[in-house]
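In what follows, chains carry the letters A, B, and so on, assigned in the order in which the sequence lines appear, proteins first and then strands, with residues in each chain numbered from 1. In this text the structure is predicted, and so the values were computed from the model without any measurement.
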Amino acid sequence: MTITLTINNEAITVPEETTILNAARHLGITIPTLCYDPRLSVSGACRICVVEVEGLDNLVPACAYPVSEGLVVRTNTYAVRKARKTIIELLLANHPHDCLICVRNGNCQLQDLATEYGVREWRWQGKTRHYDKDVSSTALERDPNKCILCGKCVKICKEIQTVSALDFTKRGFSTLVESALHRPLAETVCVLCGQCLLSCPTAAIRDKSHIKQVRRNLDNTDRYCVVQVAPAIRASIGEEFGLEPGTLVTGKLATALRRLGFRQVFDTDFGADLAVMEEGYELIDRLKNGGVLPMFTSCSPGWIKFMEHFYPVLIPHMSSCKSPQQMTGSLIKSYFAEKEGLDPKDIYVVAVMPCSAKKFESLRPDMEHDGHRDVDAVLTTRELARILNIYGIQLDVLPESDFDKPLGISSGAGVMFGVTGGMMEGALRTVSELVTGETLERLEFHQLRGYAGVKESSCLIGDKELRLAVAHGLGNARAVIDKILAGKVEYDFVEVMACPGGCVGGGGQPIPSTPDIVKRRIEAIFSEDRRNHIRKAHENPAIKELYATYLGEPMGEKAHKLLHTSYSPRLPKGI
Amino acid sequence: MTTVIESEAGRRVNLDAVRDILRARKELLPRHLIAVLQEVQDVYGYLPEPALEEISYGLNVPLARVYGVCTFYSQFRMAPLGKYIIKVCDGTACHVRGSNDLLEELKTQLGIHPGQTTEDGLFSFETVMCIGACGLAPVIMIGDETYGKLTPGKLSEVLDSYRRMEE
């Protein structure tokens, strides 16, 4: 069944149950939204999308109003514009007036709307709220004073991530978004994935900033500052400098970091290659020796925290490998330090990550060796962009340069850690050759690619068929896990990334990070893999040298000390 | 097995009752949340935090949602009521004859706001709209006792008499 309606005197035919908002978008008519997100259930909470429908006395919210035959809609009348402006003015009446010093200044949907609708005065004065900020967690800060109660954080946490760390509490003027029992975020099931932050229209949720400590250390000449950059950054940070989503800035990024004053600019892709080696050997070991299967990947710290709260029964299934961030950090303060004759305690390792949970991961108690923390500070993509702006480094016009050796040399497998399915694809390229001893001709595993929430595949390795599953977004991961635990499906190897799209859609990425933008970043990562002449981790010469001269065998004693970790059930228990 | 645990507020909570309530139900579904909360409050007199956690696991409702529901409905209390519940009438007659002064006096004397309970657990106070004793305005009730034509001074004496009873 289709329905024909008129919007601003233009006729359009759409399927039944289309909303006015989506019908208007088909016509290229913009209707502003704050609480609407196509991935989430519709609440119609903010009313900013109100439109006029002929025959009705009241304006209706376009996001929640289904079309009907012959409907006559006007989206841009005086009454509509006036109502929207009033809504903005009312939101501003109970919102801090500190835009100039706000972290979201220039990237705030409320600010944008106030500009668009020409708000020029504080029209309403009334009671305002004053709540304490929650700075308890190691990655995310919440400022309820800036919250406009759109509810997107609540819904993304519940519907996409199935974590439900946040919900509305109280009612009326006292309504608030809070964690359970008013507990600090650090004492809840929050996995610090940061998807709420990405969806927040204002600065009510933001990074726990490491900018100050990084700058202080860069200014300290006694400190030997080293940086490592995650795969996903090269495909996204350009957006912070006005480049199109999906623009690769690998070489410019290396130059920018060098200009900031880092003595060595390394690539977390190197650590990713190393993770392929260790995790690949671990998988082979489990397959050969009757170990616990399926094995789950362990490079996404939001996923790890989720598993510890919600599915501690999976602990024996988890790969013991540290993430590429921690592996790289650990080797900078051991292998690299020894090579260069540096004292590890003088080295300050900064990781640039597309992820908020990486801050939490870097602080996990066992992420150290001989008293040296693997990683000292973690900057999100947004934070690095902020530092570059402070230093006046305009990334988009910089010349290109290479990462430093040896921890800047990487294969195409490493960069693929940035996207859903990529870690597994990289691992298969190596595992397959290690098991069969034959050169792998088919490098790309297209069943593992794409944006489907759960991807299943299998792969013949020697005479053994490996059963594979890839999930991104914790709701999808939960669906797979529940099926495994119920005995409905069997796999050998499961990749989980906490964030939709994988790291390119991580909670530390530029805002906005809509699915369309994330998909363009994914394409950029695949092209980076294709343009690398080394595409298998075990063929990376720097990795070969590392094992030959320092680590010995994968999964060996030294590797265990530096590159592996353990997990434990975490309270509160999630449901 | 009896589980008595200390809640965050330092109160000891015996979880047997909430477990019995959950066990007694034919089904445990998320949509039973409000009914279960009511039953639990009937037993405990309020909703202890550890009981909310039991309910969350029992009904498979995230704790943040349980807490959201508890704080949304005014019928639910997150802290026990005091031994003596003071109802300050703020209906029209009492309002014009100075109920506000009584409220201020109570806030000062007890150090709490309406809807709260003193730390010693002795008094809770709340405002009510009319108790049907307008001739005695301004009037309050403590338990079943009615005290009329009050002034802040007289109110203070009334509170003292209750405190003396406890000594």
Checklist entry - Mind checking whether B:Tyr67 and A:Thr169 have side chains closer than 4.5 Å, heavy atoms only? => result yes
Checklist entry - Has B:Gln75 got more than 12 heavy atoms of other residues, nucleotides or ligands less than 6.0 Å from its CD? => result yes
Checklist entry - Are A:Lys573 and B:Tyr57 in a cation-pi setup, meaning NZ or CZ lies under 6.0 angstrom from the ring centre and within 45 degrees of the ring axis? => result yes
Checklist entry - Does A:Lys483 NZ have over 12 foreign heavy atoms under 6.0 Å away? => result no
Checklist entry - Does a sphere of radius 6.0 Å around OH in B:Tyr73 hold more than 12 heavy atoms from other residues, nucleotides or ligands, not counting ones at 6.0 Å or beyond? => result no
Checklist entry - When you look at NZ of B:Lys149, are more than 12 heavy atoms from neighbouring residues, nucleotides or ligands closer to it than 6.0 Å? => result no
Next on the checklist: With heavy-atom distances below 4.5 Å as the criterion, would you say the side chains of B:Pro62 and A:Ile575 are in contact?
Outcome noted: yes
Checklist entry - So which heavy atom on B:Ala64 is nearest to which on A:Ala165, and how close? => result CB-O, 3.7 Å
Item to check | Side-chain touch B:Glu49/A:Arg183, heavy atoms, less than 4.5 angstrom | outcome: yes
Next on the checklist: Does B:Asp42 have more than 12 heavy atoms from other residues, nucleotides or ligands lying within 6.0 Å of its CG?
Outcome noted: yes
Item to check | Ion pair check, B:Arg65 and A:Glu178, cut-off under 4.0 Å | outcome: no
Checklist outcome for this item: Whatever's closer than 4.5 Å to a heavy atom in chain A on B:Val66 counts as neither
Checklist entry - In Å, rounded to the nearest 0.5 Å, how long is the span from CG of A:Leu181 to CG of B:Leu52? => result 6.0 Å
Next on the checklist: Within a 6.0 Å radius of atom CD on A:Glu17, are there more than 12 heavy atoms belonging to other residues, nucleotides or ligands?
Outcome noted: no
